[in-house]
Novice: 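The structure's right below; bear with me while I get my questions together.
Note that the coordinates shown come from a computational prediction; the quantities given were computed from them, not determined experimentally.
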Amino acid sequence: MELSLKTFIESLSIFVLYGLLFTLVGSILGVKATSFLAIFGAAGIAIGLALQGSLANFAGGVLILVFKPFKVGDLIYVNSNLGFVKNIDILYTRIKTFDGRIITMPNGNVANSDVDNRTMDPLRRIDLKLKFAFDIKMETIRPIILKALKAHPIVEKDPEPDVWLDEIGESEIRVTARCWVKSEDYWPTYWEQLEAVKSSLDKQGIETPIPRRIIYQGGEYKTSESLPKQKN
């Protein structure tokens, strides 16, 4: 049985079995079944009015199990929380964040929220955002970055890694380097690729851009690099 469904059924069974136990003990003591029906009916109405939110959470749990936007073990981002799904009860869903916190969320809120499931698809794309000076040519940096990306042993060959000029900023050009990996390997590979690209660029003497300003003074202008340094 799927783990998500197993935990849900276990939680639901507790309530159902307690109800059956209460009925069974009452019948042994001689309480008539019609009396139980009247008690359960009145209690159902009272509980329903008092626990409208809990009933919404129960319905949300059923929707989650039926439509399966996520399951136990998935990495999801929901309601500004990112973590792995630990269990799905009849009323609440619990996730564990990367720093070890357990976050409990009502199923009703989760079912009515946008859920970003980051492990449902087997592959994820890594995007590295890089910045370079204006005088750096794409023909120079593209092969360096691609070589670094392709050298990683678990990077997917199809789709292949690629490098593109993404944006021209005020003081630099912005480049995006992309590659695909298995979803469970995303974060370790992200950090490793970032370090590999940085190391390859350093070996070729390519540095990050330094912001420059032009200061006009008496009809002339000087760049911030040519101004005399101030003493502390």
Side-chain angles (χ1 to χ4, degrees), residues 1-8 61 63-89 92-105 107 109-111 113-132 136 138 140-167 172-204 206-208:
M1 181 183 295
E2 185 177 317
L3 185 58
S4 304
L5 184 60
K6 180 180 178 181
T7 56
F8 186 88
L63 292 175
I64 291 172
L65 291 174
V66 171
F67 294 101
K68 297 182 179 179
F70 58 84
K71 63 181 184 299
V72 172
D74 283 351
L75 175 64
I76 65 172
Y77 181 81
V78 57
N79 296 332
S80 301
N81 297 307
L82 175 65
F84 292 94
V85 180
K86 298 297 294 180
N87 62 289
I88 305 171
D89 293 333
Y92 299 98
T93 293
R94 290 181 174 85
I95 65 173
K96 184 177 182 179
T97 62
F98 284 99
D99 56 356
R101 294 178 294 125
I102 301 296
I103 298 177
T104 301
M105 298 177 292
N107 286 337
N109 292 344
V110 175
S113 300
D114 295 333
V115 178
D116 180 5
N117 191 329
R118 301 185 178 181
T119 50
M120 179 178 288
D121 194 273
L123 296 180
R124 280 190 68 185
R125 190 182 71 193
I126 293 176
D127 291 3
L128 302 180
K129 303 294 184 179
L130 309 172
K131 296 180 180 180
F132 299 95
I136 297 294
M138 289 297 298
T140 301
I141 59 176
R142 179 178 279 119
I144 299 174
I145 299 173
L146 282 176
K147 183 178 180 180
L149 295 179
K150 293 180 179 180
H152 200 287
I154 65 174
V155 167
E156 296 292 321
K157 302 298 186 295
D158 185 22
E160 292 186 345
D162 54 12
V163 179
W164 299 101
L165 176 61
D166 191 43
E167 187 179 351
E172 76 281 328
I173 60 172
R174 298 168 188 173
V175 175
T176 299
R178 309 183 302 183
C179 63
W180 290 82
V181 295
K182 293 181 179 179
S183 297
E184 60 268 22
D185 298 326
Y186 177 87
W187 283 110
T189 309
Y190 176 88
W191 304 122
E192 292 167 1
Q193 291 288 60
L194 194 60
E195 293 181 4
V197 170
K198 176 66 167 56
S199 177
S200 297
L201 293 172
D202 289 343
K203 291 179 181 178
Q204 299 298 323
I206 299 176
E207 300 178 350
T208 55

Novice: Assess whether side chain to side chain contact (heavy atoms under 4.5 Å, CB included) is satisfied between F132 and L165, documenting all intermediate values.
Specialist: CA-CA 10 Å; F132 299 95; L165 176 61; over 6 Å; no
Novice: If you look at every heavy atom in G73 and F84, which pair is closest and at what distance?
Specialist: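 Minimum heavy-atom contact is O-CD2, 3.6 Å.
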Novice: Once rounded to the nearest 0.5 Å, what's the spacing between atom CD1 of I64 and atom CG of N107?
Specialist: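 Taking CD1 in I64 and CG in N107, the distance rounds to 4.5 Å.
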Novice: Does the side chain of K182 come within less than 4.5 Å of I154's, by heavy atoms?
Specialist: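 Counting from C-beta outward, I154 and K182 never come under 4.5 Å.
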Novice: I need the minimum non-hydrogen distance between E156 and P161, along with the two atoms involved.
Specialist: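 Taking every non-hydrogen atom into account, O-CD, 4.1 Å.
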Novice: Does some side-chain heavy atom of T97 sit less than 4.5 Å from a side-chain heavy atom of N81?
Specialist: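 No - every pair of side-chain heavy atoms lies 4.5 Å or more apart.
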Novice: Does the N117 side chain pair with the main chain of P69, one donor and one acceptor, at a distance under 3.5 Å?
Specialist: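 Looks like yes, one N/O pair under 3.5 Å.
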Novice: Nearest 0.5 Å please: distance from the CG atom of D162 over to the CH2 atom of W180.
Specialist: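 Going from the CG atom of D162 to the CH2 atom of W180 covers 10.0 Å.
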Novice: Please determine whether side chain to side chain contact (heavy atoms under 4.5 Å, CB included) holds for the pair V181 and Q193, giving the CA-CA distance in whole Å, both sets of side-chain angles, and the decisive distance to 0.1 Å.
Specialist: CA-CA 11 Å; V181 295; Q193 291 288 60; over 6 Å; no
Novice: For side chain to side chain contact (heavy atoms under 4.5 Å, CB included), just list the numbers for R178 and I126, CA-CA rounded to whole Å, side-chain angles, deciding distance to a tenth of an Å, and then say yes or no.
Specialist: CA-CA 5 Å; R178 309 183 302 183; I126 293 176; over 6 Å; no
Novice: Counting only heavy atoms not in F67, do more than 12 fall under 6.0 Å of its CZ?
Specialist: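 Not more than 12 within 6.0 Å, no.
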Novice: Check A148 against S200 and note the closest heavy-atom contact, atom names and distance.
Specialist: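 That would be CB-OG, 3.5 Å.
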Novice: Just wondering, more than 12 heavy atoms not from E160 lying within 6.0 Å of its CD?
Specialist: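 No, CD of E160 has 12 or fewer neighbouring heavy atoms, counting only those of other groups under 6.0 Å.
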Novice: Could you give the distance from CG (D116) to CG (D74), rounded to the nearest 0.5 Å?
Specialist: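 Atom-to-atom, D116:CG and D74:CG are 11.0 Å apart.
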Novice: Give, for atom CG of L201 and atom OG1 of T140, the distance between the pair rounded to the nearest 0.5 Å.
Specialist: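 Output value for this atom pair is 11.0 Å.
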Novice: Do Y186 and L75 have side chains that get closer than 4.5 Å, going by heavy atoms?
Specialist: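 Not in contact.
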Novice: Heavy atoms, side chains only, cut-off 4.5 Å: are L194 and K198 in contact?
Specialist: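 A side-chain contact is absent here, since even the closest heavy-atom pair is not under 4.5 Å.
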Novice: So among I88, D89, V72, which one has a side chain to side chain contact (heavy atoms under 4.5 Å, CB included) with R94?
Specialist: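 That would be D89.
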Novice: If you compare all heavy atoms of A177 against all heavy atoms of L130, which two are closest, and at what distance to 0.1 Å?
Specialist: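 Of all heavy-atom pairs spanning A177 and L130, the closest is CB-CD1, 4.4 Å.
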Novice: Just by modelled atom types, is the D121 backbone N or O under 3.5 Å from a matching donor or acceptor in the S183 side chain?
Specialist: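 Confirmed, S183 side chain pairs with D121 backbone.
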Novice: Apply side chain to side chain contact (heavy atoms under 4.5 Å, CB included) to residues V175 and M138 and explain how you reach the verdict.
Specialist: CA-CA 9 Å; V175 175; M138 289 297 298; 3.8 Å; yes
Novice: Do S113 side-chain atoms and N109 backbone N/O form a donor-acceptor pair below 3.5 Å?
Specialist: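 The answer is yes, because a donor-acceptor pair under 3.5 Å joins these two groups.
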Novice: Are the side chains of L82 and R118 in contact, using a 4.5 Å heavy-atom criterion?
Specialist: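 They are in side-chain contact.
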Novice: What distance separates L149 CG from T189 OG1, expressed to the nearest 0.5 Å?
Specialist: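 L149 atom CG to T189 atom OG1 measures 11.5 Å (nearest 0.5 Å).
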Novice: Kindly give the heavy-atom pair with the smallest separation between Y92 and T104, and that separation in Å.
Specialist: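 Scanning both residues, the minimum pair turns out to be CB-CG2, 3.6 Å.
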Novice: How long is the span from the NZ atom in K71 to the CE atom in M120, to the nearest 0.5 Å?
Specialist: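 It comes to 7.0 Å.
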Novice: Evaluate the salt bridge (charged side-chain N to carboxylate O under 4.0 Å, His left out) criterion for residues D166 and R174: first the C-alpha distance (whole Å), next the side-chain angles of each, then the deciding distance (0.1 Å), finally the verdict.
Specialist: CA-CA 6 Å; D166 191 43; R174 298 168 188 173; over 6 Å; no
Novice: A quick test of your reading: do over 12 heavy atoms of other residues, nucleotides or ligands sit less than 6.0 Å from CG of D114?
Specialist: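 Incorrect, the count does not exceed 12.
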Novice: Would you call L128 and Y190 a side-chain contact if the rule is heavy atoms closer than 4.5 Å?
Specialist: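 The answer is yes; the side chains approach within 4.5 Å.
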